[in-house]
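Encoded as structure tokens, the structure appears first; notes follow it.
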Amino acid sequence: MGISGLTTFMDDNLQLIKEYPLHDTKVIIDGNNLYHLLFYNNHVDFLHGGDYDQYARKIKEFFNTLQSCNIEPYVVFDGGYEQDDKKFKTILKRVEQRLEMAMLLAKGQRGKVMPILAYDTFRAVLLEINVPFAVCDFEADKEIGILANQFNCPVLSYDSDFYILPLSAGFIPFDSVNFALQEGIREDDSVYHFLPARRYHVDNFVKFFPALGRNVLPLLATLLGNDYVDIRIFQSFYSSTCMRSHVEKTHFNIPKAHTKMLKVISWLESLKTYDEGIEKIMSTVSTQAQKETITSAIRKTVEAFTPKGTEGGFSLYAYFVENENKELHRPERKLQSDQISIKGYNGSTIPGWYIQYHRQGILPPSSLDIITLHRKFLLPQVEHPKSPSSYHCCVKLRECMYGILLSDDLAQLEMKEGKVISRKCAVEEYDREGYQLRKHMVSPDKTVEGYGVLPQLSDIPDVLPLDKEKIIRLALNIPIFNIEHISRDLEIVLGVVLFWIKNAQPKVTEYHLKAVLVCLIMLKVKWVLIHHGATGCDKNLIEEAVLSMPTETVKEVRTRLHLYNTRPEHNKKHPVDSDLIHGFAQLQTCLLTAMHLNFLLLCPFPSPCISHIFSGTFLYNFCLELQKRRSPDMFIQDLLSKDSVLPNVYQSLYDAVMNSLDSERFTDELKYKKRSKAPKAKNKQSKFSGSSAKSPDNVVFSHEEKKKSKSSAQYMTNCSLTNRFAALDLFDDSADESDEN
């Protein structure tokens with residue numbers, strides 16, 4: 001949630017937060033906080049769509065650091081939005097702010113927007129490295145507090161709510177942790193590692209309010225405002241005489257500019273009892289309705305900040321303890337259901353299997369909102385503001401997914417009313433229209449051509465795997481690819497690529513397609529060199545080709561391809577090409593929706609690994625480079641090394657896609673070439689090419705150019721020295737290069 005001004009208050013009063021060496025302990029991690037912070041604090045590119053390969057590496061480094069300190073992480077995520085809609089206005093405002101930021105970035109201005117596949121990438125890495133995690137039914141803060149008290153361990157987050165929750169082992173703000181490993185010596189002279197941190201405990205704060213005790217915590221959260229309280233209901237209280245008389249009297253460091261905080265803290269210190277405070281608040285309002293509103297606000301806040309479990313409800317503690325050393329997050333696992341049921345928007349009971357897999361993180365949290373609220377926020381991303389939303393191209397996939405998700409709930413509606421109307425029978429989507437967020441009603445599809453009536457949500461576990469696979473094949477219109485050694489995860493990726501090209505609005509160019517196919521090869525080359533072996537996924541023709549090549553040849557290809565991973569600098573002379581980015585933004589929405597449909601059907605296809613598919617900086621740079629080339633195909637052949645099998649692999653992928661398309665699926669490439677600035681002199685080299693002037697489509701590297709490419713691979717961070725996450729940046733692309741030698 002977040003409490004207005006509280007983080008700033010704590011930063012100004014560090015006596016409340018004590019130094020703490022973090023090691024040899026369990027820790028409960030706020031997952032939603034962590035996946036954002038690791039992305040932004042490691043300066044992963046977001047302007048060009050997201051460098052998910054780099055992001056995945058940073059996630060692994062973070063958890064490796066915790067492991068070095070013998071810290072056992074338990075990651076907990078928020079689930080769906082509460083059904084009472086008490087946070088709807090807050091959520092809507094945040095999505096609107098995200099849209100504004102995305103549009104500023106598209107116009108070359110400053111901002112930051114989390115790429116839409118970041119959560120799925122984070123979740124996939126947790127699965128890969130076996131970090132235990134769970135998804136709450138709804139908001140996670142209270143459940144995190146309960147679990148932390150049951151484990152008697154601290155919470156690691158950046159959410160100011162945890163300053164209010166009474167946590168037995170305290171709260172460690174993310175920005176108080178220095179992630180540079182330190183060494184300590186135990187009494188037996190053994191060495192251990194720890195992370196310098198600062199830990200807050202509510203008792204450090206409560207001792208300044210002896211008359212109120214811990215009752216001061218929810219009262220403070222109410223008066224400062226949170227997502228459950230409209231702060232305007234206390235307007236008469238703020239201007240009352242009882243508030244004005246205590247402005248200067250406080251034990252804390254509060255700048256006078258922070259008037260509200262100064263008044264509230266000073267007033268709370270003056271109270272003799274909790275009841276006295278409630279009476280004074282109520283005395284400032286005149287109507288019974290206002291008193292009831294304030295009473296309700298206080299009650300809701302007290303409930304939100306009281307970490308006590310409910311009998312028969314979902315227990316994170318039982319979930320983690322009972323499944324310790326077992327394989328979680330597998331669709332075929334059967335878990336015990338609890339006594340609490342969750343209702344759909346029209347009153348249907350959501351199937352137990354769905355709730356179980358939601359909690360395991362197999363299903364995306366946003367899908368629960370579709371059932372319980374018939375609502376979907378399509379998160380804005382960087383794209384061309386004047387083009388249709390990047391989500392338009394995959395609306396048919398969402399309609400198919402909605403048809404399954406709402407099947408039980410629509411049946412309940414028809415049983416009750418015999419007819420369907422408005423939001424009761426459709427999904428209320430919030431999507432970009434120009435520069436604005438607009439609401440649209442999207443009706444679910446109940447059938448898929450070639451399959452027939454889609455299965456009911458409650459019947460999904462009993463549907464044959466071949467039937468589930470057939471639904472996805474028909475929804476994406478996946479053809480039979482004439483490729484040897486194609487794995488099923490690569491098959492669905494190529495199916496999504498085809499779907500993207502056929503449905504893109506506006507159409508993409510062949511440059512987009514070629515960049516995507518080379519990106520698949522680049523990421524596989526990078527993985528094999530860094531990890532010195534196979535990916536662990538089903539082997540396909542790309543991986544087999546890379547593994548069969550001499551290491552030196554693979555390194556040469558990697559060096560050439562790595563030039564396009566350098567983040568371009570945009571300015572007035574070289575503005576960001578939002579048309580180009582828009583094409584790849586559409587690909588991301590297709591990947592996201594296809595993956596979520598696959599999850600809903602319990603993965604008849606192996607889930608594609610995003611960090612092996614999409615790298616936004618590479619796609620952007622390489623697509624621009626292809627636009628400048630007189631012969632893009634010859635350039636690609638040379639880049640992949642004519643003496644290796646990689647050009648044949650690329651050609652096989654390209655032919656497989658093109659054989660399933662007609663010539664009108666792409667837009668005119670000339671309009672993209674016209675936007676690319678022509679070189680002033682014939683012998684002027686492209687920024688990324690490394691080619692000779694005499695042979696512009698031949699990739700030839702001199703000794704000096706090889707040295708230059710080596711240095712250009714160094715990843716330069718822009719973080720300040722005070723950034724506590726800076727230590728995690730030590731393992732970047734420059735480290736990758738050293739691993740290859």
Side-chain angles (χ1 to χ4, degrees), residues 53 478-498 500-501 509-535 537-565 608-609 612-615 618-619 622-623 625-626 629-661 663 665-666 688-691 695-701 740:
D53 54 321
I478 301 177
I480 302 299
F481 292 112
N482 187 23
I483 302 178
E484 292 185 6
H485 306 291
I486 183 171
S487 59
R488 296 178 74 247
D489 61 328
L490 179 58
E491 187 178 14
I492 192 173
V493 168
L494 293 182
V496 172
V497 169
L498 270 170
W500 161 58
I501 295 170
T509 68
E510 276 195 58
Y511 300 132
H512 285 85
L513 169 62
K514 291 172 181 178
V516 167
L517 298 180
V518 175
C519 187
L520 293 176
I521 295 172
M522 181 276 294
L523 291 171
K524 193 71 72 173
V525 166
K526 184 177 180 180
W527 173 278
V528 169
L529 277 177
I530 294 172
H531 297 276
H532 309 290
T535 60
C537 305
D538 293 339
K539 282 189 179 181
N540 57 50
L541 72 161
I542 305 175
E543 186 166 318
E544 288 181 352
V546 176
L547 290 172
S548 70
M549 291 165 57
T551 302
E552 287 304 314
T553 304
V554 178
K555 287 181 178 180
E556 289 173 6
V557 173
R558 162 75 167 117
T559 300
R560 291 196 286 266
L561 292 173
H562 186 69
L563 289 172
Y564 301 94
N565 285 319
C609 184
H612 294 171
I613 300 171
F614 196 101
S615 179
F618 178 89
L619 289 169
F622 197 72
C623 201
E625 184 69 22
L626 292 179
R629 293 283 167 175
R630 291 202 300 267
S631 177
D633 293 327
M634 184 182 297
F635 169 68
I636 291 172
Q637 297 284 322
D638 290 336
L639 196 70
L640 296 177
S641 183
K642 284 184 176 180
D643 296 332
S644 76
V645 292
L646 287 182
N648 292 334
V649 169
Y650 165 80
Q651 195 63 45
S652 295
L653 297 173
Y654 177 78
D655 291 343
V657 173
M658 292 300 291
N659 289 340
S660 301
L661 293 170
S663 59
R665 291 298 185 184
F666 294 103
F688 297 105
S689 66
S691 61
S695 182
D697 294 311
N698 232 1
V699 182
V700 180
F701 286 87
E740 296 169 16

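Counting begins at 1 with the first residue of the sequence.
- Screening Leu639, Leu561, Leu640 against Met522 for a side-chain contact (heavy atoms from CB on, under 4.5 Å) leaves a single residue, Leu561.
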Full working for side chain to side chain contact (heavy atoms under 4.5 Å, CB included) between Val516 and Val493: CA-CA 11 Å; Val516 167; Val493 168; over 6 Å; no

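- Once rounded to the nearest 0.5 Å, the distance linking CG of Leu653 with CZ of Phe481 reads 9.5 Å.
- Remark: Gln637 engages no residue in a side-chain hydrogen bond (donor to acceptor under 3.5 Å, both in side chains) (not counting sequence neighbours).
- With sequence neighbours left out, the salt bridge (Lys or Arg N to Asp or Glu O under 4.0 Å) criterion links Asp643 to no other residue.
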Could you go step by step and tell me if Glu625 and Phe635 meet the side chain to side chain contact (heavy atoms under 4.5 Å, CB included) rule? CA-CA 10 Å; Glu625 184 69 22; Phe635 169 68; 3.9 Å; yes

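- The two residues Ile613 and Cys519 make their nearest non-hydrogen contact at O-SG, 3.6 Å.
- Taken from CZ in Arg665 to CD1 in Ile501, the straight-line distance is 9.5 Å, to the nearest 0.5 Å.
- A donor atom on one side chain and an acceptor atom on the other are found under 3.5 Å apart for Asp655 and Gln651.
- In this structure, the separation between NZ on Lys524 and CG on Leu520 is 8.5 Å, given to the nearest 0.5 Å.
- Residue Ala545 comes nearest to Ser548 through the heavy atom pair O-OG, 2.7 Å, listed as atom of the first residue, atom of the second, then distance.
- Residues Ile483 and Asn540 form no side-chain contact, since every pair of their non-hydrogen atoms from C-beta on lies 4.5 Å or further apart.
- Asp489 contributes no side-chain N or O that, together with a main-chain N or O of Ile492, makes up a donor-acceptor pair within less than 3.5 Å.
- Inter-residue side-chain proximity for Ser652 and Leu541 is flagged as met; some heavy-atom pair is nearer than 4.5 Å.
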With side chain to side chain contact (heavy atoms under 4.5 Å, CB included) as the criterion, how do Trp527 and Val546 come out once you've worked through the C-alpha distance, each side chain's angles and the decisive distance to 0.1 Å? CA-CA 10 Å; Trp527 173 278; Val546 176; over 6 Å; no

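- Taking both residues in full, the closest heavy atoms of Leu513 and Trp500 are given as N-CH2, 4.4 Å, listed atom of the first, atom of the second, then distance.
- The backbone N or O of Met549 sits nowhere less than 3.5 Å from a side-chain atom of Thr553 that would complete a donor-acceptor pair.
- Taking 4.5 Å as the limit, some side-chain heavy atom of Leu523 sits within range of a side-chain heavy atom of Ser615.
- Residues Thr509 and His512 have side chains that bring a donor and an acceptor to within less than 3.5 angstrom of each other.
- The structure places CD1 of Ile480 at 9.5 Å from CD1 of Ile486, a figure rounded to the nearest 0.5 Å.
- Between Asp633 and Lys514 there is a salt bridge, since at least one side-chain N of the basic residue sits less than 4.0 Å from a carboxylate O of the acidic one.
- For Lys526 against Asp53, the heavy-atom pair with the smallest separation is NZ-OD2, 2.7 Å.
- Summarising the geometry, atom CZ belonging to Phe622 is positioned 11.0 Å from atom CG belonging to Asn565; distances are rounded to the nearest 0.5 Å.
- Considering CD1 of Ile521 and OH of Tyr650, their distance stands at 8.0 Å, rounded to 0.5 Å.
- The closest side-chain donor-acceptor pair between Glu510 and Tyr654 falls under 3.5 angstrom.
- Here the closest heavy-atom approach between residue Leu498 and residue Val657 is recorded as CD2-O, 3.6 Å.
- Shown here for Pro479 and Ser660, the closest heavy-atom pair between the two residues is CG-OG, 3.4 Å.
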Take Val528 and Val554 through the side chain to side chain contact (heavy atoms under 4.5 Å, CB included) test and state the conclusion after the steps. CA-CA 9 Å; Val528 169; Val554 178; 5.5 Å; no

